[in-house]
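Everything on this sheet refers to the single structure shown next.
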Amino acid sequence: MERALAKGLFSRAARRPVSVPPEFANRIEAVLIQRCCDGIGLARRAALAVAGFEKVCDAVRAGKVGLLLAALDGAAGGRGKIRALACDLPLATVLTAGEMAAIMWYMWGWVLAG
């Protein structure tokens, strides 16, 4: 976003000068984080998301996993353990532990069933 602003890509796309407030990138990031949290919250309420190392491992072993989620500020050791068990699955680290805790109690990682 910041590179697009620096290169004037919004003005180029609009074919006229565009004024973007300085907090624009932060607002976009906040909206994207909220959308991620909302989607994971829906999955949790539908019983398609689990938290906690053992539950994640059980879901991986049962083949019920489409995506692994880990906290940006989580321990690398925990990610390494689950990665060894599920090396073929995508692992996303887009939310902090605090953001993840807002959706469900925080354990080191989550799974979205697929």
Side-chain angles (χ1 to χ4, degrees):
M1 183 64 66
E2 290 168 359
R3 279 186 275 166
L5 291 171
K7 290 182 176 184
L9 297 181
F10 291 104
S11 295
R12 189 178 309 162
R15 296 185 180 156
R16 63 187 185 128
V18 173
S19 175
V20 179
E23 71 279 353
F24 185 68
N26 291 338
R27 289 178 58 197
I28 295 295
E29 182 179 6
V31 169
L32 291 173
I33 288 169
Q34 186 59 52
R35 289 198 59 170
C36 287
C37 291
D38 291 347
I40 297 166
L42 287 171
R44 181 187 59 80
R45 287 187 293 282
L48 296 174
V50 297
F53 185 77
E54 290 304 320
K55 289 181 182 178
V56 169
C57 288
D58 291 344
V60 168
R61 288 185 196 106
K64 297 180 178 181
V65 177
L67 174 66
L68 297 166
L69 299 176
L72 283 168
D73 51 354
R79 270 195 300 274
K81 288 178 187 177
I82 199 67
R83 173 52 67 218
L85 181 64
C87 58
D88 59 329
L89 295 171
L91 173 67
T93 53
V94 296
L95 301 173
T96 65
E99 291 160 344
M100 292 171 76
I103 303 162
M104 64 171 70
W105 62 96
Y106 172 72
M107 302 300 249
W108 77 267
W110 314 350
V111 172
L112 291 182

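Positions are given from 1 along the sequence.
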Practice item. Using a strict cut-off of less than 4.0 Å between a Lys/Arg side-chain nitrogen and an Asp/Glu carboxylate oxygen, indicate whether Lys55 and Asp58 qualify as a salt bridge. Key: no
Review point. With the 4.5 Å side-chain cut-off for hydrophobic clustering, are Met1 and Leu9 part of the same group?
Key: no
Exercise for review: Mind checking the CZ-CD1 spacing from Arg44 to Ile103? Nearest 0.5 Å is all I need.
Suggested key: 8.5 Å
**Study point:** Considering all heavy atoms, the nearest Met100-Ala70 contact
**Key:** SD-C, 3.9 Å
Revision key, fill the gap. Nearest heavy-atom approach of Arg83 to Asp88 is NH1-N, 4.5 Å
Revision key, fill the gap. Looking only at heavy atoms, the pair that brings Phe10 and Val18 closest together is O-CG2, 3.7 Å
Check your understanding: Short question: side chain of Arg35, backbone of Val31 - any donor-acceptor pair under 3.5 Å?
Key -> no
Exercise for review: Report yes if some heavy atom in the side chain of Leu32 is under 4.5 Å from a heavy atom in the side chain of Val94; otherwise report no.
Suggested key: no
Revision key, fill the gap. The complete set of side-chain hydrogen bond (donor to acceptor under 3.5 Å, both in side chains) pairs with one or both residues in residues 10-34, sequence neighbours excluded, reads Gln34-Asp38
Practice item. Please name the pair of heavy atoms, one in Ala59 and one in Val50, separated by the smallest distance, quoted to 0.1 Å. Key: CB-CG2, 4.4 Å
Study note, to complete from the structure: Closest heavy-atom pair, Asp73 versus Ala97, reported as atoms and distance to 0.1 Å, is OD1-N, 2.8 Å
**Study point:** Distance-minimising heavy-atom pair for Pro90 and Gly66
**Key:** CG-O, 3.6 Å
Exercise for review: Start with the C-alpha gap between Leu95 and Leu69, add the side-chain angles, then the distance that decides, and say whether side chain to side chain contact (heavy atoms under 4.5 Å, CB included) holds.
Suggested key: CA-CA 8 Å; Leu95 301 173; Leu69 299 176; 5.8 Å; no
Exercise for review: Give me the other members of the hydrophobic cluster that Leu72 sits in, counting Ile, Leu, Val, Met, Phe, Trp and Tyr linked by side-chain heavy atoms under 4.5 Å, directly or via other members.
Suggested key: none
